[in-house]
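This report concerns only the one structure given below.
Throughout, a chain's letter reflects where its sequence line sits, starting with A, and its residues are numbered from 1.
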Amino acid sequence: MQDPSGSLRKRAEEARRKRAAYGEDIEVEKFDIAPREAPAAESLEDLGEDLKSTLLNSGVVPTGEGRSGSFLLMDNAVVHSSRKEDVEVLSTQQALRKHDWLKDYYWKAVPPDADKYTATTFLENADGYFIRAPAGKRTRLPVQTCLLLGSRNAAQTVHNIVIVEEDAELEVVTGCAAKSGVEKALHLGISEFYIKDRGKLTFTMIHNWAEQIGVRPRTTVIVGSGGAYINNYVCLKPVRTIQMYPTARLEGRDSFGRFNTVAIAHPGAELDIGSRVILSAPQARAEIVSRSITTGGKAIARGRLVGEAPGVKAHLECKGLILKEGGIQLAIPELEATVPDVEMTHEAAVGKIAKDQVEYIMARGLSEEEAVGIIVRGFLDVGIRGIPDNLKKEIDKAISVAEISRG
Amino acid sequence: MLEIENLTVEIGGKTVLRNVNMSVLAGFTSVLFGPNGSGKSSLLMTIMGFSDYRVKEGRIVFMGEDITDLPVHERAKRGIGILMQRPPNLVGVKLEDLVRVAGRGGVTPGDLAKPLQMNEFLGRDVNVGFSGGEIKRSELLQLSAQNPCLYLLDEPESGVDLESIERVGGAVKDLLVGRIGCAGKKSMDGKSALIITHTGQILDYVEADRAYVMCNGTISCSGNPRELLQEIRRKGYEECVKCKILQVA
C-alpha cells in the first residue's frame with residue numbers, strides 16, 4: 001500500500017464506522033469481504049454462457065469486438081485484462097507496482113476517510129482497473145470494464161484509476177452487474193479520474209444489479225485546462241439501494257464537464273443519485289442532465305453546481321416521472337456561486353406523463369401501454385443525448401430490455 | 001360512415017356541444033364552418049375519443065358500430081384519423097419513430113415524407129419547434145402512415161403560409177382521393193373526411209359534398225359547401241342563429 005507514514009491508514013481506521021452524508025446506512029461488517037482469488041480468463045469469451053449474457057446486458061462485449069481493451073473484476077479478483085490499442089489497461093495493484101509515479105494519483109482525488117465505504121475500500125487495499133491514455137493518443141474504440149458481483153453476501157471493494165494524458169482522448173464503458181443467483185451483496189467502488197490539459201474522457205457506466213444489492217460508488221474527476229469529462233450513467237434494473245454523488249472538479253481554464261443520468265427506481269429501491277461539478281477555473285462550463293422514473297421506488301436526483309471563477313457557465317436539469325402510485329421523486333438542484341461573474345441556471349420538474357401526449361399517440365392506433373412506452377423511452381433518451389452513437393445503441397437496447405412501460 | 005346523433009358533450013363540467021346531429025357518408029367529404037369557439041374542434045376531439053370530452057347524451061356511430069365509449073386507440077384501429085390543430089410536443093420522440101409505429105411497421109417514413117418535404121424533420125422531436133405549416137405537414141405525414149378511412153382535419157390550412165398551403169392542400173387531396181384504399185375490409189370504400197375550415201381555402205383542393213355550420217355548440221345549418229361559404233363571406237356568422245330558425249321552421 002502506498003502509505004509510507006501510515007497516516008492514511010490511521011485516518012481510514014478512524015472512519016471505519018463513519019456514516020455517509022446521504023443514503024441509508026449499510027452495515028458493511030454484515031457482508032463477507034469478497035474473495036480475491038478467481039481463475040483467470042484468457043478471453044472473456046471463455047466465460048460461461050450465463051456470465052456472457054450478463055456482460056452483454058451491461059454493455060460489455062465478450063468478443064471484445066469494437067473495443068480497444070477489456071477488463072473484468074469478479075468479486076475482488078482480476079479475471080481478465082487485455083488491450084488492443086495503444087492504451088494501458090492493468091489492474092490498479094499491478095499498475096502501482098509498475099509505475100512509481102502512480103502514488104501521486106492514488107487516493108489523491110477521493111479521501112480514504114470520506115465515509116465508512118471509502119475507509120473499508122482503503123483498508124482492504126482494493127484492486128480495480130487502471131487505464132491510461134498516453135499523451136496525444138486518441139483511442140478509436142472504447143475500453144470496456146466489468147465489475148461483477150459473483151458471490152452471495154459478498155462486499156466487493158474496488159479502486160479504479162483512469163488517467164487521460166495531455167491531448168489524449170479515451171472512452172470507457174463500464175458494466176457493473178451481479179451474477180445470476182447473487183441476490184444480496186454490496187458494491188463499494190472508488191474511482192479517481194485525472195484528465196490532463198486538453199484531454200477528453202467519456203465515461204459510460206451501466207448498472208445492472210439485482211433486487212437486494214447495495215451500491216456505494218465514490219468518484220472524483222479532476223479536469224485540466226481545455227479538458228473535457230463526459231459522464232453517462234444508466235441504471236434501469238432493480239436494485240436495493242444506490243447512493244452516489246460523483247464530483248467533477250474543473251480545475252483548468254476552459255474545461256468542461258457533463259453528467260447525463262437515466263435511472264429507474266423499481267418498487268423497493270432507493271436511488272439517491274447526484275452529480276456535482278465544481279467549476280474553479282475561469283470559463284469552465286458544465287451541464288448536468290438527469291432523467292429518472294419511478295415505478296414504485298424512491299428516486300432522489302441531486303445536483304450541485306459550484307461556480308468559483310469568473311466566466312463560468314453551467315446548467316442543471318433534472319426531470320422525474322412518477323409512473324405508479326407509491327413512487328417517490330425528490331429533486332434537489334443546488335447552485336452555489338462565490339464570485340459575481342457566473343451564469344448558472346437550473347430547472348427541475350416532477351410529475352406524471354401528460355395525458356394529452358399519451359392520447360395523441362393513441363390516436364395513431366397505439367394502445368395506452370404502447371404510447372406510455374414511447375413517451376418514457378423518449379424521456380430517457382433526452383438524458384443520454386450527445387453520447388457517442390455506438391454507446392447510444394447499447395443504452396437504447398438496455399432501455400428496451402427494461403420494459404419500462406409495464407412498470 | 002359516421003353518424004352523430006343528438007350529441008351533448010362537456011369539458012370539465014361545462015357544456016361545449018349541444019344536441020349535435022350530423023353525418024358523413026362513405027366516400028364523401030363534409031366541411032364544418034363556424035366562428036371561433038363555436039365547438040368545431042370539440043366535435044372532432046369527441047369523435048376521436050379524447051378523454052377530456054365527456055359525452056353526456058347521444059351517440060357516435062362509425063361504420064354501423066356505436067363507438068361512443070371506445071378508447072382513442074380502438075377508434076384509430078377502426079379507421080378514424082385526426083389532424084390536430086395544436087398537437088402536443090413529444091420531447092425525445094422522433095417523428096420518424098412515430099410515423100413508423102403509426103404505419104404499424106409497414107411503411108417507409110422516408111418515402112412518405114418526400115412529397116410533404118418533411119425528410120429533414122424525421123430525425124427531430126415531434127412538433128418541438130415546428131412552425132404552423134410544419135405541424136400540419138407532420139400531422140399529414142402521420143396520417144399517411146396510419147391510412148385511416150375517415151379523416152378528421154382540424155383547420156388544415158390555418159397558420160400555413162401561401163406556399164405551404166399548396167403543399168398541404170395537395171397532400172390532403174392525395175390522401176382523400178389517392179389510390180391507396182382504406183385499411184382492412186373496407187378497402188373498397190372511398191375515403192371520407194370531416195374538415196374544419198375557417199377560410200374555406202381547403203375547398204380549392206378538396207371537393208366537399210356537404211357543409212355544416214356550427215354556432216354555440218350546435219349545428220345551426222347545413223347545405224352546399226360553396227353556397228354556404230359565400231353566404232358566410234358576405235354576412236359573417238351573424239346569420240347562424242337565424243339559419244337555425246329557418247331550418248326549424
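- Between the CD atom in B/Glu139 and the OH atom in A/Tyr360 there is a gap of 3.5 Å [rounded to 0.5 Å].
- Of all heavy-atom pairs spanning A/Ala363 and B/Ala76, the tightest one is O-CB, 3.4 Å.
- Between the CE atom of B/Met84 and the CG atom of A/Asp356 there is a distance of 7.0 Å, given to the nearest 0.5 Å.
- Considering CG of B/Leu143 and CZ of A/Arg364, their distance stands at 4.5 Å, rounded to 0.5 Å.
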Quiz: residues 110-122 of chain B side-chain donor-acceptor pairs under 3.5 angstrom, not counting sequence neighbours:
| from | atom 1 | to | atom 2 | distance (Å) |
| --- | --- | --- | --- | --- |
| B/Gln117 | OE1 | B/Arg167 | NH2 | 3.1 |
| B/Asn119 | OD1 | B/Lys114 | N | 3.2 |
| B/Asn119 | ND2 | B/Gly110 | O | 3.1 |

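- In this structure, the portion of B/Asn89 lying under 4.5 Å from any heavy atom of chain A is its backbone and not its side chain.
- Contact count versus chain A (heavy atoms, under 4.5 Å) is highest, among B/Ile80, B/Val91, B/Val72, for B/Val72.
- Each of B/Ala102, B/Pro88, B/Gly103 has some count of heavy-atom pairs under 4.5 Å with chain A, and the biggest count is that of B/Pro88.
- Other residues, nucleotides and ligands place no more than 12 heavy atoms under 6.0 Å from the CZ atom of A/Arg138.
- Comparing B/Gln142, B/Lys77, B/Glu74 by heavy-atom pairs within less than 4.5 Å of chain A, the highest count is held by B/Gln142.
- To the nearest 0.5 Å, atoms CD1 (A/Ile374) and NZ (B/Lys94) are separated by 13.0 Å.
- Sparse packing is recorded around CD of A/Glu368, with 12 or fewer heavy atoms of other residues, nucleotides or ligands lying under 6.0 Å away.
- Within a 6.0 Å sphere centred on CD of B/Glu5, heavy atoms belonging to other residues, nucleotides or ligands number more than 12.
- Under a cut-off of 6.0 angstrom, the local environment of CD in B/Glu65 is crowded, with over 12 non-hydrogen atoms contributed by other residues, nucleotides or ligands.
- Looking at B/Ile82, the atoms closer than 4.5 Å to chain A (heavy atoms on both sides) sit in the backbone and in the side chain alike.
- Annotation: the span from B/Met48 atom CE to A/Glu359 atom CD amounts to 10.0 Å, rounded to 0.5 Å.
- Residue B/His73 holds its NE2 atom at 13.0 Å from CD1 of A/Ile361, rounded to the nearest 0.5 Å.
- The existence of a salt bridge linking A/Lys355 and B/Asp52 is confirmed by a sub-4.0 Å separation between a basic side-chain nitrogen and an acidic carboxylate oxygen.
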